[in-house]
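Per chain, numbering begins at 1; letters A, B, ... match sequence-line order. Everything quoted here is computed from the prediction, not taken from an experiment.
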Protein chains: 2
Amino acid sequence: MFNFGPEMTKTPKDSSTEEKIKEAARRVFMAKGFDGCSSREIAREAGMNVALVNYYFRSKSQLFQLIFRSTLEDFLLSMMDIFESDMPLENKVRIFIEREYEFLSRHPEMPVFIMSEIRREDACEINNMNMVERIAATGVFDEALKAQEEGRMRKIDIISTMIIMMANCQFPFLASPLIKGMHKLTDEQFEQQLLLHKQYVTEMMMGYLFPVKQ
Amino acid sequence: MFNFGPEMTKTPKDSSTEEKIKEAARRVFMAKGFDGCSSREIAREAGMNVALVNYYFRSKSQLFQLIFRSTLEDFLLSMMDIFESDMPLENKVRIFIEREYEFLSRHPEMPVFIMSEIRREDACEINNMNMVERIAATGVFDEALKAQEEGRMRKIDIISTMIIMMANCQFPFLASPLIKGMHKLTDEQFEQQLLLHKQYVTEMMMGYLFPVKQ
DNA sequence: CAAGAATTTAAACACTTGTTTAAAACAGTT
DNA sequence: AACTGTTTTAAACAAGTGTTTAAATTCTTG
């Protein structure tokens, strides 16, 4: 009689068209944003019928929520996995920067997608993600506190420390069209600049957060 | 016979409705982006008829180009006016940061507007703005080069220097919804954090760009 | 194979989009 | 007052929007 959609029944092979639509949506949303694309464009990108988008995900908005949430999750995890290892804090920070540049080189559109789409009411689940709590659970904040008490680390509150690290890692990717446009850089020149920049900001942040005594 | 629109005739009182529409468009575009709003919404915000938008600006796209270009210009000028004064380079950098935070506190949505909308083909006039050339004309790059030769300034290429300064000034505003969401900050708490952060990044950048000899 | 459920399709729904049209209202000049 | 050109309006245009419907197809299982 009634059709409750696929979520209720969960076919064994985990419906590859569902996955195809999700991946298409991820690409299109990332490139153009929620308002910049249509359901039909997503369906076309996936090689599917329009109605399937709503058949599997009920609405464009719910599909977007799904994509945005999982993107934010990837984004968070990329920052977290370093902190769980056991090495000196100084090394963690150094490797964090390294990994972050590597991750963002593979997903250069991610920061601008997050920063621009986070304003939508569709995307208000940041509060429910417990991002800071989960990072705190790695123990890295305690390490920082301890390092500060021992005088190895500069006494800066943790929020500013995070902003500094995120800013100097993410901004070059956030502003890449502006930077390329301003300095008339080709893609290859920009990539070269990124490598150089990573070294500078590593030097700068390490020198600031972990000053040598004298 | 034909109606060429108001640009051809330029009434003396400089048509205040034209200005009203432009200001409404600026507000709406800034808040929602080009794709996130309609011509009718802009007209409504301006208290005008829809047709007037196209009567004065020919199309939504041309109106957007106008707004985006002038925003980019404001953005550039806010960075430039410091460099033209005559004071030691160190002071210029210090005051640049101060002014940039002050400017962005008054226009907090500007960075995310620029970074997200710059991808549009509507907005491809960055190349024609000669941003770097105009900054170079202030002589600040030459000053930096001289300071580097004299050993007062660290030897970093000018592009990375600019990215570092832009990143640490603009990122907190770019990521403000994310930061507020992550750390569950109220608007007042965030403003407090901004003040603190400005001090930290000033200290960090000054220390890095102008290291004390030993 | 046949029955029933799950998937896919084309078509339609009501509504919004950017833009244009043609008439109306306004202004200024003689 | 009548004619001028300019500004404003309501209405219409075709095209595109998210979403739904109901029929067609495919798949699964008895």
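- If you run salt bridge (charged side-chain N to carboxylate O under 4.0 Å, His left out) between B:Glu23 and each of B:Arg26, B:Arg27, B:Lys20, only B:Arg26 comes through.
- The CZ atom of B:Arg119 lies 14.0 Å from the CD1 atom of B:Ile114; values are rounded to the nearest 0.5 Å.
- Between the CZ atom of B:Phe64 and the P atom of C:dG18 there is a distance of 13 Å, rounded to whole Å.
- In this structure, A:Glu18 atom CD and C:dT8 atom P are separated by 10 Å, rounded to whole Å.
- Using a 4.5 Å heavy-atom cutoff, the side chains of A:Ile95 and A:Met87 are in contact.
- Because its NZ or CZ atom is not both nearer than 6.0 Å to the ring centre of A:Phe83 and within 45° of the ring axis, A:Lys92 does not count as a cation-pi partner of that residue.
- Proximity of a side-chain donor or acceptor of B:Gln148 to a complementary backbone N or O of B:Met153 within less than 3.5 Å is not detected.
- To the nearest 0.5 Å, atoms OG1 (A:Thr186) and CD (A:Glu191) are separated by 9.0 Å.
- For the pair A:Arg120 and A:Phe64, the cation sits on the ring face: its NZ or CZ lies under 6.0 Å from the ring centre, inside 45° of the axis.
- The separation between B:Arg58 atom CZ and C:dT21 atom P is 12 Å, rounded to whole Å.
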Just to be sure I follow the notation: if a pair is Watson-Crick (purine N1 to pyrimidine N3 plus N6-O4 or O6-N4) or a G-U wobble (N1-O2 and O6-N3), each under 3.5 Å, what dot-bracket string does DNA chain C give, with | for pairs to another strand?
|.||||||||||||||||||||||||.|||

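- OP1 and OP2 of C:dG18 both lie 4.0 Å or more from every side-chain N or O belonging to B:Ser61.
- Residues from residues 23-39 of chain A placing a heavy atom under 4.0 Å of any atom in DNA chain C do not occur.
- If you check residues 41-52 of chain B against DNA chain C, the residues with a heavy atom closer than 4.0 Å are B:Val50, B:Ala51, listed by number.
- In this entry the distance linking CZ of A:Phe57 with P of D:dG18 reads 16 Å, nearest Å.
- You'll find the side chain of B:Tyr56 stays beyond 4.5 Å of the side chain of B:Leu63, heavy atoms only.
- The CG-P distance, from B:Asn54 to D:dA10, rounds to 16 Å in whole Å.
- Put simply, the side chain of A:Arg40 and the base of D:dT19 share a donor and an acceptor less than 3.5 Å apart.
- Listed nucleotides C:dA12, D:dT7, C:dT19 differ in distance to B:Tyr55; the shortest reach to its side chain belongs to D:dT7.
- Between the side chains of B:Asn54 and B:Gln62, not a single donor N or O lies within less than 3.5 Å of an accepting N or O.
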Would you please test B:Met165 and B:Glu100 for side chain to side chain contact (heavy atoms under 4.5 Å, CB included) and show each step?
CA-CA 10 Å; B:Met165 292 177 64; B:Glu100 195 69 356; over 6 Å; no

Test ring pair (Phe, Tyr, Trp, His ring centres under 6.0 Å) on B:Phe173 and B:Tyr101; report intermediate values, then the result.
CA-CA 9 Å; B:Phe173 298 90; B:Tyr101 268 82; 5.8 Å; yes

